[in-house]
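The next block holds one structure in the form of structure tokens; read it before the comments.
Just so we're on the same page: letters track the sequence lines, and every chain starts at 1.
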Amino acid sequence: MTIAEKNTAELNETQDANAVELNGVHIAFSLPDGGIYEAVGETNLVVSDREFVAIVGPTGCGKSTLLNATAGLLKPAQGQVRTFAKPLSGLNKHAGYLFQQDSLMPWKTAIDNVAIGLEVSGTSRREALEQARIWLGKVGLSAFADRYPHMLSGGQRKRVGLAQVLIRHPKILLMDEPFGPLDAQTRLIMGDLLLSLWSADRKAVMFVTHDLDEAIGLADRVIIMSAGPSSRIIGNYTIPLKRPRNMADIKSEPQFHEVHREIWNALKEEVLKGYRQTEEVQS
Amino acid sequence: MNRLTLISLQVLVAVVVLVFWHIASTTTLIGNPKTISFFFAEPLAVGKRMVQWFMEGSIWYHLGITLTEAALAFIIGSLGGVIIGFWFARKPLLAAVFDPYVKAANALPRVVLAPIFALWLGLGIWSKVALGVTLVFFIVFFNVYQGVKEVSPAVLSNARMLGMNERQLLRHVYMPSALSWMFSSLHTSVGFAVVGAVVGEYLGSAAGLGYLIHEAESVFDVTGVFAGMFVLMGFVILVDWLVTLVENRLLVWRPKTSVISNR
């Protein structure tokens, strides 16, 4: 632990071990024509333990790619991913990942989907089911335990996904536009649910979104990424809004608008650049 | 439309066909009834023959033989298909090497194998089972292979992030996905198991529904041929209904619409 502390102290000048450190990470994909596409260029990012970080950027800027690298699903072309002061090799055991797409096992009921995360790590089935029932209650789905995913609405499926990830008590929560496909009202409700679950036992969160309102409402810190290719971090804003927050009410606070204006001014440029690039590629 | 109307309309179709058949084969309305009944038999005589078979009990023996052959073909073919399908899907090199041979074997019309199997395995049930296996195997094999290959990448990544090792992935992700593909092709594979059995019997045997039909045909007993066909039809419908029951139980997790569009 002392070595770990020394390492992180050198890197970040704080005493607690950082949940995630991306040091000079580059991520590239080989293209079918033999070329190489660099999705993410030179990125340095530190997420402290218990910190909620939102990552915002124009579409196709490699936000998800960054999460995949943190999860260990993707190996960076260059640089290093560290998690709790250890270099990452293989999958990130500390991380729980809520994917953008539907990723529940369609052949398992809601409760089995939630219980499986405990079962695979050796918890008895009875105990896992008991825990799963508690977690389904926390996400407000007690009555839907025996439904299969196709019998649930999009929002309900995301709730099951949240319970599935959180039941394992990951120290890092990675979320890739988790509420993207949901309608505006459901997004607000899901945001509040996430905040209430998160404030119970603060984990480090990396939350990718393209919705700036959502990012400011949820996070301690908002990271802005530039348009790809070779996108980089171009902005880092601490959100001074008090907690506990309420997703619907927070938008009427003047401070929210100040922060929003400041970040939007930085982001606007990049969004337009992103659009121009897609158009150039298409024409 | 409610259920009752639907059923009455369905029955009506059968009645109309039977009445037309009866009139054509017994009156001069369409043509010479002697000629027509020689080629198409008479519905009442066909019915009488079927009742006679069931009363005497001789048909049960033949049904039993055909059912045994079809069941064995289905079980052996499915097991083989599942095992090889899984193995190939998890070992891409193996799949790539054997790909042309699998395609070639599947392209061969299986009927031509019947004489070979009769030569190798005799005229008993095993030559029919073998023919059925060659039909069932490929259906199950391709479906299982596809099922393993087409696991949604998001579901797979999620399962890995939830801490599953290879064995657990196999049990909780690959296996259910592959089996769901296999089950959705259950109607086809069970149907082909019956086809294998009956065609095998038809081409050379001493028992079974195919044998019965072949025997009747060889003495121009058209009534016997039609009676055999109807018994076979009833048998297949019954088997298909059982498959539907099994399928509804096994695939409860599937949205109903996709099951319908799969057929």
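Across every non-hydrogen atom of R168(A) and G163(B), the tightest pair is NH2-CA, 3.9 Å. Contact record, V252(B) with H150(A): O-CE1, 3.9 Å, taken as the closest heavy-atom pair. Across every non-hydrogen atom of M161(B) and L73(A), the tightest pair is SD-CG, 4.2 Å. Pairing each heavy atom of A154(B) with each of S103(A), the nearest pair is O-CB, 3.5 Å.
At a 4.5 Å heavy-atom cutoff, D112(A) makes no contact with chain B through either its backbone or its side chain. In this structure, chain B has a heavy atom under 4.5 Å from the side chain of F99(A), while its backbone stays farther away. Neither the backbone nor the side chain of V151(B) has a heavy atom closer than 4.5 Å to any heavy atom of chain A. Interface remark: I116(A) contributes side-chain atoms only to the contact with chain B (heavy atom separation under 4.5 Å).
Side chain of W107(A) to main chain of H172(B): a donor-acceptor pair is present (N/O by atom type, distance under 3.5 Å, no hydrogens or angles).
Taken to the nearest 0.5 Å, the OH atom of Y148(A) stands 10.0 Å off from the CG atom of L251(B). One finds the CG atom of L156(B) at 10.0 Å from the CE atom of M105(A) (value rounded to the nearest 0.5 Å).
Contact count versus chain A (heavy atoms, under 4.5 Å) is highest, among A159(B), S180(B), S152(B), S157(B), for S157(B).
The neighbour count for R133(A) CZ, taken as heavy atoms of other residues, nucleotides or ligands under 6.0 Å away, does not exceed 12.
Looking at Q164(A) and N158(B), their side chains do bring a donor and an acceptor atom within 3.5 Å of each other.
Of all residues spanning residues 85-103 of chain B, none has a heavy atom less than 4.5 Å away from chain A's heavy atoms.
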